[in-house]
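Okay, structure first, notes after.
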2 protein chains.
Amino acid sequence: MSSSLSPVLKKSLSIQLGLPMDRLEEFLCICVFEKLGKNQLVYPGKRCFDRLYFIVDGAVRTFYYTDMGEEISYLLQVNGDFFGDYESFITGQKSRFTIQVMVDSEFFYFTKSSLLTLVNREAFWLGFKSRIADLAFLDAKERINELLFYNPEKRYLNLLTKNPEIVQKIPQKYLSSYLGITPQSLSRIRKRLAAGAD
Amino acid sequence: MSSSLSPVLKKSLSIQLGLPMDRLEEFLCICVFEKLGKNQLVYPGKRCFDRLYFIVDGAVRTFYYTDMGEEISYLLQVNGDFFGDYESFITGQKSRFTIQVMVDSEFFYFTKSSLLTLVNREAFWLGFKSRIADLAFLDAKERINELLFYNPEKRYLNLLTKNPEIVQKIPQKYLSSYLGITPQSLSRIRKRLAAGAD
DNA sequence: CTGACTAATTAACAATGGTTAACGCGGTAT
DNA sequence: ATACCGCGTTAACCATTGTTAATTAGTCAG
């Protein structure tokens with residue numbers, strides 16, 4: 001699918017993934033482009049999540065159901081983010097997550113088996129695989145910091161500054177779940193902030 | 001340092017790291033054994049944390065200082081855990097963390113450069129490096145779940161059941177920081193639980 | 001346009017955590 | 001012994017969140 005991405009996007013992917021352009025092209029050859037409409041589910045079904053997605057343009061929500069059938073929004077992501085269940089991707093176990101497309105979106109994805117094909121072909125790709133793991137780790141760590149060191153109000157403010165797009169694109173009930181609070185609390189926080197910003 | 005570990009420990013390391021015994025021996029050749037006493041700092045100084053440690057026996061606390069000079073306990077770990085600043089290890093940037101030995105402890109560690117030596121010698125070790133990244137990710141993800149889905153009381157209970165050793169070995173002020181609450185709150189939670197357990 | 005459904009807000013009350021301050025306990029140094 | 005210090009606990013008060021329920025706003029299909 002190498003041809004469907006803009007040169008600008010390729011350049012930034014090259015940096016993000018730590019791949020020189022020729023390697024990036026090689027990588028994109030194993031990738032599959034996909035368009036999904038709002039509210040569609042990415043790779044639905046309770047099975048192993050054997051692929052990783054990149055958001056060319058759009059927004060997704062990764063969630064799962066608690067024992068009581070309640071939805072918990074684990075991640076919210078927009079343009080330029082990778083998503084998928086990396087744990088399931090690594091371990092090969094069934095994923096508990098469902099991923100929902102929040103606005104009409106464009107993605108590409110690659111499967112574990114196609115990545116392993118690259119790895120088997122040339123040791124170079126093992127280093128790339130390792131980098132993917134590192135990126136997933138760094139994301140996860142940032143999320144820990146966020147949850148551990150900031151209260152809900154600060155978390156909301158951080159989201160507003162770091163990712164205003166998400167606040168625009170994603171309904172509040174999902175935002176609140178992502179922030180680890182109830183919709184009512186988010187509503188109150190927004191009211192407080194609006195009052196304080198006179 | 002291959003000879004200093006018990007066969008039992010080697011066996012469990014072999015599983016944990018996904019290395020057959022002969023490869024494990026090879027790996028242990030790049031490792032350095034180290035004993036540190038209570039309250040000593042592991043690899044002190046504000047520089048890049050270019051090594052990863054394994055706790056043979058003991059307990060450590062990973063913390064850092066906020067802008068206001070307040071200590072925040074990021075991680076508490078005991079026997080069988082790996083620690084270090086994996087982010088610094090990956091990126092080569094200076095670490096913000098300090099790691100304190102909580103009880104007299106025995107570790108071994110390996111440096112990034114010695115790991116890269118293995119990787120350069122044989123492509124096999126690239127897969128191992130990747131596995132380390134995966135393990136770091138899975139740990140981080142578990143911590144996110146913990147913080148996102150459970151309130152402080154439940155987090156304390158989880159710690160009690162999953163890691164009673166930590167609750168024994170680590171002073172409460174660090175436990176509370178790890179749980180993301182104040183020492184007073186932890187004290188109240190313990191009181192609530194003691195009252196409820198009649 | 002209307003009705004029906006969902007989302008967001010608001011209110012009232014309870015539960016919980018943060019803050020500040022005081023107290024007691026167990027070490028340690030003098 | 002005593003004075004001190006760090007630690008854990010407790011208390012009182014305040015701020016924030018959760019819970020439940022009602023209301024309002026918004027969306028979509030017909």
For a quick check, with a 4.0 angstrom heavy-atom cut-off, what is the B/S/- contact string for nucleotides 20-30 of chain D, read 5' to 3'? BB---------
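- Between B/F54 and B/F107, the distance from one ring center to the other does not fall under 6.0 angstrom.
- Atoms CG (A/L175) and C1' (C/dA8) sit 12 Å apart, rounded to a whole Å.
- Phosphate proximity of C/dT10 to A/R188: absent, as no side-chain N or O sits under 4.0 Å from OP1 or OP2.
- In the set D/dG8, C/dG17, C/dT10, C/dT10 carries the atom at the smallest distance from any side-chain atom of A/S187.
- Counting heavy atoms from C-beta outward, A/F124 and A/V119 have side chains that stay 4.5 Å or more apart.
- Between B/R192 and D/dT9, a side-chain N or O to OP1/OP2 separation shorter than 4.0 Å is absent.
- Residues A/Q100 and A/N39 have side chains in contact (heavy-atom distance under 4.5 Å, counting atoms from C-beta outward).
- Computed from coordinates, the A/I181 CD1 to D/dT16 C1' distance equals 10 Å when rounded to whole Å.
- Atom CD in B/Q172 sits roughly 15 Å away from atom P in C/dG26 (whole-Å rounding).
- B/F27 has its ring centre less than 6.0 Å from the ring centre of B/F110.
- Rounding to whole angstrom units, OH of residue A/Y150 and P of D/dT17 are separated by 17 Å.
- Contacts of A/P171 with the nucleic acid, taken as non-hydrogen atoms under 4.0 Å apart, involve only primed sugar atoms and P, OP1 or OP2.
- Among the atoms of the strands shown, only primed sugar atoms or phosphate atoms (P, OP1, OP2) are found under 4.0 Å from some heavy atom of A/I189.
- Looking only at side-chain heavy atoms (C-beta outward), B/L179 and B/Y150 stay at 4.5 Å or farther from each other.
- A/K154 places its NZ atom 17 Å from the P atom of C/dG18, with the value rounded to the nearest Å.
- The distance between atom CZ of B/R190 and atom C1' of D/dT10, rounded to the nearest whole Å, is 14 Å.
- For the OP1/OP2 pair of C/dA11 and a distance below 4.0 Å, the side-chain nitrogens and oxygens of A/K191 include at least one atom meeting the criterion.
- Residues A/E153 and A/L193 have side chains in contact (heavy-atom distance under 4.5 Å, counting atoms from C-beta outward).
- Side chains of B/I132 and B/Y86 form a contact here, defined as non-hydrogen atoms less than 4.5 Å apart.
- Checking A/P152 against B/L186, the closest nucleotide of DNA chain D that is more toward the 5' end is the one next to B/L186.
- Closest to the B/T182 side chain, of the nucleotides C/dT19, C/dA8, D/dG18, is C/dT19.
- In this structure, A/L147 atom CG and D/dT17 atom C1' are separated by 16 Å, rounded to whole Å.
- Summarising the geometry, the separation between NZ on B/K173 and P on C/dT19 is reported as 17 Å, rounded to the nearest angstrom.
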